[in-house]
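Please read the structure below before turning to the comments.
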There are 2 protein chains.
Amino acid sequence: MTQKLTILDIAKLAGVGKSTVSRVLTNDPKVKPETRSKVEQVIRESGYVPSKSAQAMRGGSAKVVGIVLSRLDSPSENKAVRGILEVIYQAGYDAVIMESQFSAEKTNEHLAVLQKRNVDGVIVFGFTGCDLAPIEALGQKAVVIAIDTDQVSSVGYDNHGMISLAMNHLLQQGKRQISYVGVGSEDKTTGLMRLNAYLASCEAAGLVPCYRTGQLSHESAYQLTEQVVTPDTEAIVCASDTLAMGVAKRLQELGRTDIQVSGVGATDLLSFIFPNTFSIDPGYYQAGHASATLLIRQLAGEQAITHLTQRASL
Amino acid sequence: MTQKLTILDIAKLAGVGKSTVSRVLTNDPKVKPETRSKVEQVIRESGYVPSKSAQAMRGGSAKVVGIVLSRLDSPSENKAVRGILEVIYQAGYDAVIMESQFSAEKTNEHLAVLQKRNVDGVIVFGFTGCDLAPIEALGQKAVVIAIDTDQVSSVGYDNHGMISLAMNHLLQQGKRQISYVGVGSEDKTTGLMRLNAYLASCEAAGLVPCYRTGQLSHESAYQLTEQVVTPDTEAIVCASDTLAMGVAKRLQELGRTDIQVSGVGATDLLSFIFPNTFSIDPGYYQAGHASATLLIRQLAGEQAITHLTQRASL
DNA sequence: CTGTTAGCGCATTCAC
DNA sequence: GTGAATGCGCTAACAG
């Protein structure tokens, strides 16, 4: 329990001045290699740990980024968060994570707390109804995921591309009777954009659309399934894996395992349980990775506000 | 954005000394009510926010707890984390979350970082092979989940109870031919303890055990299924929902939907997809809640090291 | 290159 | 009760 060691103790122990120790800590090039290694050795042997709190207060940077996600147990955000963590750890940052639960109010509270904590930057997972103003006020210090803004850097998912990808894949297999199950267009991204992508694909391919939208749940999709199934139906594209799960389940009951089902989310469980299915990977992990990289660069002043769109893949 | 306001600015603005402002901030009773409200008003109007960094450095407490979990995308830990967050937010703490990925080394690194950050306390999700020493060194400042220690408070899952619960439920329905699919006993908890619980239940009920263990994956369970199925088999108890999913899937293919399957984890997907199944809830959320409550109390010095076992439920 | 000197923003002694 | 002084652990000018 080598505690309470201060930079001064190390200085004495190494027979140098406190600032020299500080220089070693901050990787200041203006230190004679011998002195440096000497100090480093003492640090190592004494188990000295510089106090982040003090550093934060002095330098203004706490080496912390805040992450505001909507639901901790959302598989998609989960994957993205892992991507974020990977990047920021490597950059020497830590993360404080908060859950907005799709509440604009909670999001704002969290942002306030994060600022009070002197976090260097923030990554926010957007959602329909999210209040962008407080985020935009952060400027360079923020990156949002899954939602559009001009004021602040963003990493978006290619909602249109995901569905097009699924549609094209099916069309290439010669399917012509392709239905769609999605969620209501109150939800701009998962709902509206993906539905529009479906409609656009139908139009481009000269297909007659057949679709229903409901809630983002297995049950909802399960119940909607029959309404989009005809004797000729060859495939059903779904706005998400959750929906695909419900649809596939119903199809199984209906004995229509001939109908291929596609989802979005790259859930391995889907194709494990239902053979005649596939899932589009929106690139959650990569999106997290990209957003963190963006943020780190911005914090270093190396990069201005940027907008990326994560490519989806099969 | 009223920035860079220090305690001194407030002091001037309120026409008092900085220490008085500090006293107001720390809720020191020795302040004349008038002065207090005067200061509070100035604080409110100026939008002053005391610097957490400075407070942390001075007082030693940063109002932060570290959470070291093994996998961010583990549904179980996810639920527990939500329970933790709920409690600590309410207590005015924030959380910095880190992933150990079942690596003792990474865990230790993370713990070091957390200490350097001056976190008030730590909650660690244990795993087989986890190095307890650094955690135990934290004493009152740590709580571990899902693993045993004497040195430090812990919240464990009732691995035995989960399986007993499932077994009793099945026995009450008159099932006598109950097989088991689990994971290898290298894993002390999910592996060994749950298997032992199965064996104990069998012995108590006078049943002949029939079981196999493998990896903690759908595929593994899927492949093992046939080895524990006989024409007489009435039910299969699984060590986890993941396994149950694989087993149920295989049973469906084998046309043995008469066999009831049970898992552990309270995954709603399981019973949605496979009707003849049920899942035991180990109480992840409650465990998180309990561990956080424990930690907060310990940090306040109100409570000594305690060991809890989370009850499982159907 | 390295030691010395100042504070950073706040909480906590002390005197008044 | 309240203000002035002191120092937390560290970094950033300044000197040498």
Side-chain angles (χ1 to χ4, degrees), chain A residues 2-43 46-64 92 94 115-120, chain B residues 2-43 46-64 92 112-120:
Chain A
T2 47
Q3 288 297 29
K4 304 279 82 181
L5 279 176
T6 93
I7 198 172
L8 184 58
D9 298 317
I10 305 302
K12 286 178 186 163
L13 247 57
V16 300
K18 13 187 163 195
S19 24
T20 303
V21 178
S22 176
R23 288 190 180 95
V24 173
L25 257 33
T26 54
N27 264 308
D28 190 320
K30 309 222 146 281
V31 182
K32 188 162 55 177
E34 309 171 27
T35 316
R36 173 179 297 280
S37 48
K38 164 83 177 177
V39 173
E40 283 175 339
Q41 183 187 338
V42 174
I43 291 184
S46 64
Y48 161 72
V49 201
S51 152
K52 280 276 180 189
S53 320
Q55 292 183 174
M57 192 192 109
R58 194 63 188 80
S61 165
K63 283 289 192 179
V64 173
D94 288 323
Q115 278 189 277
K116 164 163 32 179
R117 279 219 181 276
N118 245 305
V119 299
D120 300 77
Chain B
T2 48
Q3 291 293 30
K4 305 278 80 179
L5 279 176
T6 96
I7 199 172
L8 183 57
D9 298 317
I10 306 300
K12 285 177 187 166
L13 246 56
V16 300
K18 33 191 215 174
S19 21
T20 303
V21 179
S22 177
R23 289 193 180 93
V24 173
L25 258 31
T26 54
N27 265 309
D28 190 320
K30 308 228 151 279
V31 182
K32 188 161 54 177
E34 308 171 26
T35 317
R36 173 180 295 281
S37 48
K38 164 81 177 176
V39 173
E40 283 176 338
Q41 183 187 339
V42 174
I43 290 184
S46 64
Y48 162 71
V49 188
S51 153
K52 282 275 179 190
S53 321
Q55 291 183 168
M57 192 191 107
R58 191 63 186 75
S61 166
K63 282 289 190 182
V64 173
V113 172
L114 291 173
Q115 277 189 277
K116 161 163 37 177
R117 279 214 180 280
N118 246 305
V119 299
D120 299 79

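All values derive from a computational prediction rather than experimental measurement. Values below: all heavy atoms of this structure, side chains included; hydrogens, waters and symmetry mates excluded. Order of the sequence lines sets the chain letters (A, B, ...), proteins ahead of strands, with each chain counted from 1.
- Side-chain N or O atoms of B:D120 include one that pairs as donor or acceptor with a backbone N or O of B:K63 at under 3.5 Å.
- The OG atom of A:S46 sits 8.5 Å away from the CG atom of A:D9 when rounded to the nearest 0.5 Å.
- Taking a heavy-atom distance under 4.0 Å as the criterion, the stretch of DNA chain D touched by chain B extends 5' to 3' from D:dG1 to D:dG9.
- Pairing each heavy atom of B:V39 with each of B:A14, the nearest pair is CG2-CB, 4.3 Å.
- Counting heavy atoms from C-beta outward, B:V64 and B:R117 have side chains that stay 4.5 Å or more apart.
- Residue pairs meeting the side chain to side chain donor-acceptor pair (under 3.5 Å) criterion with at least one partner in residues 23-41 of chain B, sequence neighbours excluded, are B:Q41-B:E45.
- The two residues A:K52 and A:G92 come nearest to each other via the heavy atoms NZ-O, 4.4 Å.
- Separating the OG1 atom in B:T20 from the CD1 atom in B:I10 is a distance of 13.0 Å, to the nearest 0.5 Å.
- A heavy atom closer than 4.0 Å to some atom of DNA chain D occurs in B:V16, B:G17, B:S19, B:T20, B:R23, these being the qualifying members of residues 16-24 of chain B.
- Here the NZ-OG1 distance, from B:K18 to B:T6, works out to 7.5 Å after rounding to the nearest 0.5 Å.
- Nearest heavy-atom pair across A:Y48 and A:L25 is OH-CD2, 3.9 Å.
- Sorted by residue number, the members of residues 32-43 of chain A with any non-hydrogen atom under 4.0 Å from DNA chain C read A:K32, A:T35.
- Taking the side-chain hydrogen bond (donor to acceptor under 3.5 Å, both in side chains) definition, one finds that A:S53 meets it with B:N118, sequence neighbours left out.
- Between chain A and DNA chain C, the heavy-atom contact criterion of under 4.0 Å yields a 5' to 3' nucleotide range of C:dC1 to C:dG9.
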